[in-house]
Peer 1: 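Please read through the structure below; I'll follow up with questions.
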Amino acid sequence: MRSLNLHLKALIGVLVILGLLITAYQIFVLGIPVTEDETDDLWNIDAKVEFQASPNSPVKVQLFVPPLTQDYVSLNESFVSRNYGVSINRADGNRRVTWSARRASGNQTLYYRLVLTKRYSGEQPKPKGPIFRDSLPVEGPEKIAAEALLAPIRQHSADVETFITETIKRVNNTSDDNVKLLLGGDTSVANKAKAIELLLSIAHVPMERLHTIRLIADVQQSPELWVRSFNGEKWLYFNPETGEQGLPADRLIWWFGDEPLISVDGGRRAQVSFNLNNSEINAIHLAKLTDESTEAGFLEYSLYGLPLQTQQTFQIMIMIPLGVLVILILRNLIGLQTLGTFTPVLIALAFRETGLQWGIALFTVITALGLSLRSYLEHLKLQMLPRLSVVLTFVVVTIAAISLLSHKLGFDSGLSVALFPMVILTMSIERLSITWEERGAAHAMKAAVGTLFAASLAYLLMKVPELVYFVFTFPAVLLVLVGFMLAMGRYRGYRLTELFRFKAFLKD
């Protein structure tokens, strides 16, 4: 007996822990929304390209566009142009779109439009990058100035991260004579990045430039220059002006390297302006979209991967265990009397079609009429099978009559009575009549009322939209329910109704 108890407790523990771990993995690792009304940001980015084309000459425009290899995924990408051919090339981690035309003249306007969102979680590939680089050529006074700056940098740094931070700090101290010499009077961010790269190359620390766009709506902006370095395990990002480490969450990498954003052959005065706006979209719908846009989506092995019609069926089926749990609690803990164990759950499913009020009324009317017929058939001394066949036929005729009457009176809810499980109604009538004969009318009425109460409670629980979404999205919680049901199976204590029933006995 002790080994049986230990086995049951171990089984319950395994089921509960497994259900909780799978659900936690879906929520915290895969990032699946917990509620259906949860929303995520959707960004719309327009890059407007304007330039002056040379009269009647071939035009070739090249523009860097986001590589989208980091934390964002594209939902839609379009290239708006007139009389231009479009192609996209990849090189050195960048993507570049090329517009080309045989003849163009005058003012030209091209658009690049992108709809993107945060990439839903999933394990990202481990980054790879250079861990060593050769020194950039430098001679004369510049070499002396660089070595003079590197001496205190080495002294005040312990690793790649602190070395780069200290280098940026020194280069931004424009009052230092060595820094003035390296910058040559140009204190622009691009020139500072060039000086930083020179110092890091002498120390054989790799560095790469990257240009970002800030995801903020309705603000005019231009690409912001950042630098990054690889420490052997991950990329480290730095702001070359402030020394701030770590790329902010609202930055979108547009391109890498020191090449300009746009290049135009056959034109001049090219400029690019950015316009951003964001909107909100239902999180689970967005998850489906990102699942379709990536090679390995987190919904691939969930119930959302089923056909839509099958999903609708499973949204009903997967709530049945919760209805069963309600009946289990009502019978085992409270002591409510019902017609069987699963009959109330099946009636609750029928209530989904008729609605609660109509369902209770129809169940009461049909059951009352069926009991009257059952009582009449009892006098004919029929066997059980013919008797059930007659009652079933009567139930079908009654349902048809109620549906026709409801239609004539304009009550559309009555039409759904045909979806009531006729066999369940027939068996309920039979069981109720047997209970009436064996244990009396009071007990039979108590069981009928208990059945309707349990079915109503189960229906109300199974119709909660938030609960339907949660169980359908995280079906592993059913393992936790099974663990609870197993624990309830060994309960031998008093039921709530028995406490009231034996109240006087307990006092004595």
Side-chain angles (χ1 to χ4, degrees), residues 19 35-36 312-368 370-371 413-414 416-417 419-432 435 439 442-475 477-491 493-501:
T35 59
E36 191 175 15
Q312 295 171 350
T313 302
F314 268 93
Q315 282 180 348
I316 298 174
M317 290 179 56
I318 206 165
M319 295 303 291
I320 293 178
L322 269 76
V324 173
L325 180 64
V326 171
I327 308 305
L328 180 63
I329 293 174
L330 290 176
R331 286 176 61 93
N332 282 27
L333 293 184
I334 299 177
L336 185 71
Q337 297 180 14
T338 62
L339 295 174
T341 303
F342 302 112
T343 301
V345 179
L346 298 175
I347 294 174
L349 289 176
F351 285 169
R352 293 177 60 92
E353 304 296 335
T354 62
L356 185 58
Q357 295 178 347
W358 264 100
I360 293 175
L362 293 169
F363 178 85
T364 304
V365 169
I366 295 175
T367 303
L371 280 175
S413 298
S416 58
V417 70
L419 298 177
F420 239 101
M422 295 171 292
V423 175
I424 296 300
L425 273 174
T426 303
M427 295 304 298
S428 298
I429 293 169
E430 179 68 17
R431 180 171 295 183
L432 195 58
T435 304
R439 308 189 65 176
H443 187 87
M445 289 300 101
K446 188 182 297 184
V449 172
T451 299
L452 278 180
F453 176 78
S456 301
L457 196 59
Y459 162 79
L460 293 175
L461 182 68
M462 294 164 64
K463 281 289 287 183
V464 177
E466 294 80 7
L467 201 55
V468 173
Y469 167 81
F470 189 85
V471 177
F472 184 78
T473 308
F474 307 101
V477 297
L478 295 180
L479 297 178
V480 180
L481 293 187
V482 173
F484 180 77
M485 292 172 183
L486 289 174
M488 288 279 294
R490 299 301 296 271
Y491 178 72
Y494 282 104
R495 294 164 180 161
L496 184 61
T497 54
E498 291 174 342
L499 290 177
F500 289 102
R501 181 181 175 187

Peer 1: Which atom names give the shortest non-hydrogen contact between A348 and A455, and what distance separates them?
Peer 2: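 That closest heavy-atom pairing would be CB-O, 3.3 Å.
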Peer 1: Mind listing the closest non-hydrogen atom pair of V468 and K463 along with its distance?
Peer 2: CG2-C, 4.5 Å
Peer 1: Other residues, nucleotides and ligands only: do more than 12 of their heavy atoms fall within 6.0 Å of CZ on F470?
Peer 2: yes
Peer 1: Specify the closest pair of heavy atoms between M462 and M319, including all atoms of both residues, with the distance to one decimal.
Peer 2: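 Smallest interatomic distance, heavy atoms only, reads CG-O, 3.6 Å.
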Peer 1: Of all the heavy-atom pairs spanning M488 and I329, show the shortest one and how long it is.
Peer 2: CE-CA, 4.3 Å
Peer 1: Nearest 0.5 Å, please: how far is CD1 in I318 from CD in Q315?
Peer 2: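 Those atoms lie 9.0 Å apart.
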Peer 1: Atom CG of L432 and atom OG1 of T451: how far apart are they, to the nearest 0.5 Å?
Peer 2: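 Reported to 0.5 Å precision, the distance equals 8.0 Å.
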Peer 1: Are any of the side-chain heavy atoms of L460 and F351 separated by less than 4.5 Å?
Peer 2: no
Peer 1: May I have the step-by-step check of side chain to side chain contact (heavy atoms under 4.5 Å, CB included) for L330 and T338, ending in yes or no?
Peer 2: CA-CA 9 Å; L330 290 176; T338 62; over 6 Å; no
Peer 1: Could you give the distance from CG (L328) to CG (L481), rounded to the nearest 0.5 Å?
Peer 2: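 Taking CG in L328 and CG in L481, the distance rounds to 10.5 Å.
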Peer 1: What distance separates L336 CG from I327 CD1, expressed to the nearest 0.5 Å?
Peer 2: 8.0 Å
Peer 1: Measure the spacing between CD1 of I360 and CZ of F453 and express it to the nearest 0.5 Å.
Peer 2: 10.5 Å
Peer 1: If I take atom CG from residue L362 and atom OG1 from residue T367, how far apart are they, to the nearest 0.5 angstrom?
Peer 2: 10.0 Å
